[in-house]
Amino acid sequence: MVAPEHPFQTLTGMRDLVEPDTGRRRALVATFAERAERAGYGEIRPPLLEELGVFLRMGEATDVVSKEMYEFEDKDGRRVALRPELTAGVVRAFVQHHPPTPWKVWYSGTSFRRERPAAGRYRAFDQVGVEVLGVDDPDLDVEVVALAWGSVTDLGLRRVRLVVNSLGDHEDRQRYTDAVATFLRSRRADLSEAARATTERNPLRVLDTKRPEDRAVVADAPSISDYLSPESAAHLERVLAGLRAVGVPVEQDDRLVRGLDYYRRTTFELVADSLDAAQNAVGGGGRYDGLAEDLGGPPTDGIGFALGVDRLLLACDAEGVFPPADVVLDAFVVDTAGGETARDLVHELREAGLAADRRYGGGSLKSQMKSADRSGARWALLVGSDELDAGVVTVRDLRSGAEQVAVPRADVVADLRRRSSEHREDTGT
RNA sequence: GUGGCCGUAGCUCAGUUCGGUUAGAGCGCCAGGUUGUGGCCCUGGAGGUCGGGGGUUCAAAUCCCCUCGGUCACCCCA
């Protein structure tokens, strides 16, 4: 081994997550999983690495495919890529295993995009989401969108809006895209240079530009609502009516387009008003009715969404909700009489289901008490030479300041269990 | 990928304008004050390649170039 020239550090856009962030993310995923499973969804964990072709259906013109994927040739000479999202992999799994439909799955996991990092945007990022394959019924759209909405409100977020639109079926979308492109070319002189380039590559993307000069032009652009087939329009109406019926506040926005090529008909986005406009989309999704066929399967309707965990938590911070929970310790053992009691007692406490820790390497009573205090433990269990001689352990409440008591060594675990359950009842935890 | 700003102790930052004693503060950490008691207070201590490399200079945290990382806007997207 040769020592590195520079200390190793995380790659650009990647980070080490530690407590309390890790615990907060566990809680977020648990909350999401609970809601999804209540609605009949089962968990799926597709691999992080897939054949490159699985992801190309997102659209060759999208940045995600054209320049942001971590792709390489493996030692077998296959073109492979780290997943930039989970939908394509889930649909690939559907095509590969042909499970009975409807197939309802939820997921949580990390994806990778080689972009310039920004607030709430990393090169390795976590999402939670669901996909449903095999159902063409607008009431399923209602279920999926309501699930996304509920997942956000479960966290306590209030300043989030749900925006819904329809891109129509394949033909609608194509006709509309052509109309938008024609319109934008007619107003070419008024557009920014970047928007002119986007017009030729992916005209719909221009519709949600954030540049003021382009926004003025886009305001005059044709509306998708004039290009929807009667079937697509009816589908959208049924979805909107359904969401209102179940009490999900929804806004319709005929300028909402989503980045990936596979979206058809229903599309939606969750926008956090508490975040800066650049990264305020905390989640989004929609129908992708042709995707399974594109991946070699039978024609199958599909719909799903993904929520960005980093942005959700950013929004939670901005609203002061869903705070990270402290790690709770029941007992901290302080032993200045040789250490055998600490060694044995923490083990007994843990085996009995209590959370217990101690300090290693000895130290004065004072310094061990400082460790006990910092640990956040509810009780300190003290063992000095006096206790050892008397066969007892001194139990000290570190929060109330109440008088400490001597408990026979043999009864300490049972005593702590009793105190702990009483304490939980008191605090309702 | 383009442009702006930033990088000094574990953390948050001062010092950079106009180069010049041993590079500082608060918090945190360790120890003592209290030879068996945490939090508050007092005292002391440890801890720094000034992101890295090169250059200019008698002299660089400070000026110049390159580079790495972060951040904001654009692009794109969760």
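Chain naming here is simple, since letters A, B, ... match the order of the sequence lines and numbering starts at 1 in each.
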Does [X] make a side-chain donor-acceptor contact with the base of [N], cut-off 3.5 Å?
| X | N | result |
| --- | --- | --- |
| A:Arg396 | B:G38 | yes |
| A:Glu269 | B:A78 | no |
| A:Gln368 | B:U37 | no |
| A:Arg113 | B:C76 | no |
| A:Glu387 | B:G36 | yes |

Minimum-distance nucleotide (side-chain atoms of [X] versus [options]):
| X | options | result |
| --- | --- | --- |
| A:Lys370 | B:G38, B:C29, B:G1 | B:G38 |
| A:Arg116 | B:C76, B:C77, B:C72 | B:C72 |
| A:Lys366 | B:A31, B:G38, B:G36 | B:G38 |
| A:Arg205 | B:G38, B:C76, B:G69 | B:C76 |

With a 4.5 Å limit on heavy-atom distance, are the side chains of A:Arg265 and A:Asp301 in contact? yes

For [X], which contact category applies under a 4.0 Å heavy-atom criterion: base, sugar-phosphate, or nothing?
| X | value |
| --- | --- |
| A:Ala118 | sugar-phosphate |
| A:Thr336 | nothing |
| A:Leu382 | base |

Using modelled atom types and a 3.5 Å cut-off, is there a donor and acceptor pairing between side-chain atoms of A:Arg83 and backbone atoms of A:Pro46?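 Yes: the side chain of A:Arg83 pairs with the backbone of A:Pro46.
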
Expressed as a whole number of Å, how far does the [atom1] atom of [N] sit from that of [M]?
| N | M | atom1 | answer |
| --- | --- | --- | --- |
| B:C11 | B:G55 | C1' | 34 Å |
| B:C76 | B:U2 | C1' | 13 Å |
| B:C58 | B:C68 | C1' | 32 Å |

Please report the interatomic distance CG(A:Leu11) to CZ(A:Phe112), rounded to the nearest 0.5 Å. 10.5 Å

Taking atom OG of A:Ser151 and atom CZ of A:Arg35, what is their separation to the nearest 0.5 Å?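 A:Ser151 OG to A:Arg35 CZ: 6.0 Å, rounded to 0.5 Å.
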
Would you kindly check if the NZ (Lys) or CZ (Arg) of A:Arg358 is within the cone defined by 45 degrees around the ring axis of A:Tyr360 and under 6.0 Å from the six-membered ring centre? yes

